[in-house]
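In what follows, chains are A, B, ... by sequence order, proteins preceding strands, each numbered from 1.
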Amino acid sequence: MKRVPLVLTLAAAAALSVQAASAQTLKAVKDRGQLSCGVSSGLPGFSSPDDKGNWTGIDVDVCRGIAAAIFDDPTKVKFVPLSAKDRFTALQSGEIDVLSRNTTWTLSRDTSLGANFTGVTYYDGQGFMVKKSLKVNSALELNSASVCVQTGTTTEQNLADYFKGNNMKYEVIAFASADETLKAYETGRCDVFTSDVSQLYAMRLKLANPADHVVLPEIISKEPLGPMVRHGDDQWFDIVKWVLFAQINAEEMGVTQKNVDEMAKSDKPDLKRAFGTDGNLGEQLGLTKDWFARIIKAVGNYGEMYDRNVGVGSKLQIARGLNQLWNKGGIQYAPPIR
Amino acid sequence: MTTEPRNPPPQYVLRLKRALGGKAGWTGLAVQIVFAAVLAWVAYEIVANARTNLETQRIASGFGFLRNTAGFDVSQNLISYTGSDTYTRVFLVGLLNTLLVSVIGIVFATIIGFVLALCRLSPNWLLSRLGEIYVEIVRNLPLLFQLLFWYLAVLAALPAPRQSINLFNAVFLSNRGLVIPRPIGQAGLDPFLAAVAVGILGSLLLRGYARRALFQRGQAIRIGPYVLGLLVGLPLLTMLIFGLPLTFELPQLRGFNFAGGSRVIPELVALVVALSTYTAAFIAEIVRAGIQSVHKGQMEAGSSLGLSRGATSRLIVMPQAMRVIVPPLTNQYLNLTKNSSLAVAIGYPDLVSVFAGTTLSQTGQAIEIIAITMGVYLVLSLVTSAIMSVYGWRINRSLGA
């Protein structure tokens with residue numbers, strides 16, 4: 001079971017060597033009749049399957065939005081669950097069309113992986129979770145602790161930087177999957193579980209007694225999470241970018257899943273441009289004039305997507321924080337549709 | 001009319017023909033050449049295609065990444081390593097961790113396997129049934145399952161560091177592993193090591209001399225007391241003159257964990273236990289088959305010569321059995337080494353985990369890293385089989401076969 005990832009990587013490496021560079025992702029997706037979307041294998045709030053096999057979460061909604069923009073049908077997505085260490089190879093080799101898997105945007109990933117980040121779906125930061133019984137109040141009290149971390153993530157490097165920077169010793173135990181990491185934390189192999197804060201809250205829900213564990217106040221890094229596409233197909237890059245931008249703009253303009261039909265009839269110039277009643281911005285993207293309405297109908301605006309998956313409407317109950325719109329105290333901001 | 005004897009083709013041509021085509025001769029050679037050419041073409045196409053694709057997608061390629069800083073830590077390193085070392089260093093750390101697990105695992109698996117086989121062959125009913133039950137259970141459960149069992153069910157059930165099982169305030173066992181006093185070399189260390197080396201060398205020379213005396217002149221020399229003096233007396237003498245070679249640093253519980261002392265991490269223990277108990281079940285069957293393959297007349301012949309049962313087994317049966325045992329035993333050693341890559345499931349930092357895992361996902365250079373990793377396992381396998389071949393060859397030679 002655990003040897004599969006290596007085989008997969010290998011197969012992907014082989015596929016890389018034979019697959020011809022394609023600049024026609026949109027056409028390929030249309031011909032196939034569905035979008036192939038790489039997600040994490042189970043992270044509540046971002047992407048996790050329910051007992052009926054339906055995927056939900058922010059990362060999942062990004063893919064549903066793209067499918068809605070292309071097919072006018074948010075269900076035409078094949079979700080490919082990937083571990084942190086397999087995700088880039090799957091994208092490089094063409095196994096997936098878009099990687100939407102709480103991936104941190106960094107310079108080296110943007111340049112050396114043969115892929116582009118299309119935007120930020122969630123502004124996150126790395127934190128620490130410990131058992132309340134340890135009576136630790138700050139990450140600076142963690143000298144000589146054992147730390148569990150998921151391998152193949154920026155988390156591992158931030159962790160090394162933070163402990164080195166604060167002159168503290170630690171022992172790192174790295175596991176391949178988030179669930180194995182959590183299991184080791186739960187059995188007491190390590191004192192600390194470190195990850196992006198959103199993930200800490202999500203994983204805490206999986207523990208036997210969530211209330212016995214506390215997330216420490218220190219945020220030790222910037223983790224802008226967003227989707228990725230392969231280099232070499234600018235049209236596809238634009239489409240994936242503008243699906244998220246459409247949602248953010250929709251929230252700013254007050255367009256919601258409920259009022260989208262009404263708003264489509266509006267006379268306001270910015271709404272007319274977005275809905276395609278004025279101009280052909282959707283067609284310029286390679287989509288249809290009603291692309292904007294399709295996305296919002298399927299997955300709602302950015303705020304609705306946030307609240308439903310990680311915010312007030314979800315079990316995770318994470319405050320909007322940085323992810324609030326720019327004009328409401330946050331830093332979430334999208335280029336205008338015009 | 002006499003036909004002129006045809007000159008046989010030169011030796012090297014014959015050899016070449018035999019190596020390439022067998023009986024088919026030149027036809028076979030032609031086929032082989034065409035096949036090699038096709039293979040070379042396919043290989044070239046793959047490399048060229050990969051290169052073009054990597055360039056068009058602007059994926060970094062080449063081995064330059066090996067000089068970059070890794071920036072992450074590893075829980076067990078046999079050589080000095082910090083996060084500011086390079087990926088090359090990470091590779092070495094992972095490789096050594098893999099080798100460590102493989103070597104310890106192979107030693108334990110062999111010992112357990114042989115003991116199990118002897119149990120199964122024992123005339124004692126209970127012993128042979130116990131051996132059988134062990135083999136049947138362990139052999140039929142997936143290795144990953146056993147690995148997780150040892151790690152999550154057995155080792156994780158140990159107490160936390162503060163409540164650890166304590167032996168003389170020097171050895172501590174907890175869910176963070178086994179902590180033992182750490183030896184620190186003193187001034188007397190070098191003379192002590194020299195004395196040990198001299199002792200071992202001297203004993204070997206003595207043994208050689210005694211064997212020659214026995215085989216050539218039929219003279220039995222008792223070397224026991226001398227060997228004891230060389231191996232024990234000499235090192236003790238240097239300790240009297242130069243002082244203790246080692247002092248020990250005791251581990252102490254400080255904060256979350258133990259400070260000082262050496263620590264064996266539970267991941268290593270779980271991996272070694274799982275790999276060696278699992279492989280031992282297969283080795284036991286191989287050894288049993290090997291011993292049973294020796295005709296029982298050999299045993300009878302031995303006793304008719306007046307040899308004891310033990311001497312017959314040791315001198316007559318086992319050498320013949322080993323001839324059958326060694327080749328499949330080699331396979332088990334290779335399996336154990338390759339199976340050690342399951343380490344990633346329990347967070348043991350082996351080569352696959354830190355190099356083909358973390359390093360790969362941080363640099364994204366799948367082709368290079370997978371190629372290196374495959375190369376390493378290939379070399380490990382070839383070296384293991386080479387060593388075992390030499391061993392098998394020596395057995396055959398000593399049997400005169």
Side chain, backbone, both or neither: which part of B:Ser174 has a non-hydrogen atom closer than 4.5 Å to chain A? neither
From the options A:Thr104, A:Thr153, A:Thr106, select the one residue that forms a side chain to side chain donor-acceptor pair (under 3.5 Å) with A:Glu223. A:Thr104
If you measure only the distance, is there a donor-acceptor pair under 3.5 Å linking the side chains of A:Tyr170 and B:Asp73? yes
For A:Tyr162, is the NZ or CZ atom of A:Lys164 found under 6.0 angstrom from the centre of its six-membered ring and inside 45 degrees of the ring axis? no
With a 4.5 angstrom heavy-atom cut-off, is it the side chain or the backbone of A:Leu113 that approaches chain B, or both, or neither? both
Interface moiety of B:Gln365 toward chain A, non-hydrogen atoms closer than 4.5 Å: neither
Looking at the rings of A:His231 and A:Phe237, which for Trp means the six-membered one, are their centres under 6.0 Å apart? no
If you count heavy-atom pairs under 4.5 Å between each of A:Gln157, A:Arg87, A:Glu171 and chain B, which one has the most? A:Gln157
Considering only heavy atoms, which portion of A:Asn158 lies under 4.5 Å from any heavy atom of chain B: side chain, backbone, both, or neither? neither
Specify the closest pair of heavy atoms between B:Leu173 and B:Pro159, including all atoms of both residues, with the distance to one decimal. O-CG, 4.3 Å
Here the pair of heavy atoms bringing B:Asp85 nearest to B:Ser80 is OD2-O, 4.1 Å
For A:Gln126 and A:Thr155, run side chain to side chain donor-acceptor pair (under 3.5 Å): C-alpha distance rounded to whole Å, both residues' side-chain angles, the deciding distance at 0.1 Å, then the answer. CA-CA 7 Å; A:Gln126 184 175 341; A:Thr155 320; 4.5 Å; no
Please flag which part of A:Val149 lies under 4.5 Å from any non-hydrogen atom of chain B: side chain, backbone, both or neither. neither
Ring-ring centroid check B:Phe355 B:Tyr87, cutoff 6.0 Å: no
Identify the residues of residues 188-198 of chain A whose heavy atoms come closer than 4.5 Å to a heavy atom of chain B, ordered by number, or report 'none'. A:Gly188, A:Arg189, A:Cys190, A:Asp191
Trace of the side chain to side chain donor-acceptor pair (under 3.5 Å) decision for A:Ser83 with A:Asp86: CA-CA 5 Å; A:Ser83 80; A:Asp86 296 330; 3.2 Å; yes
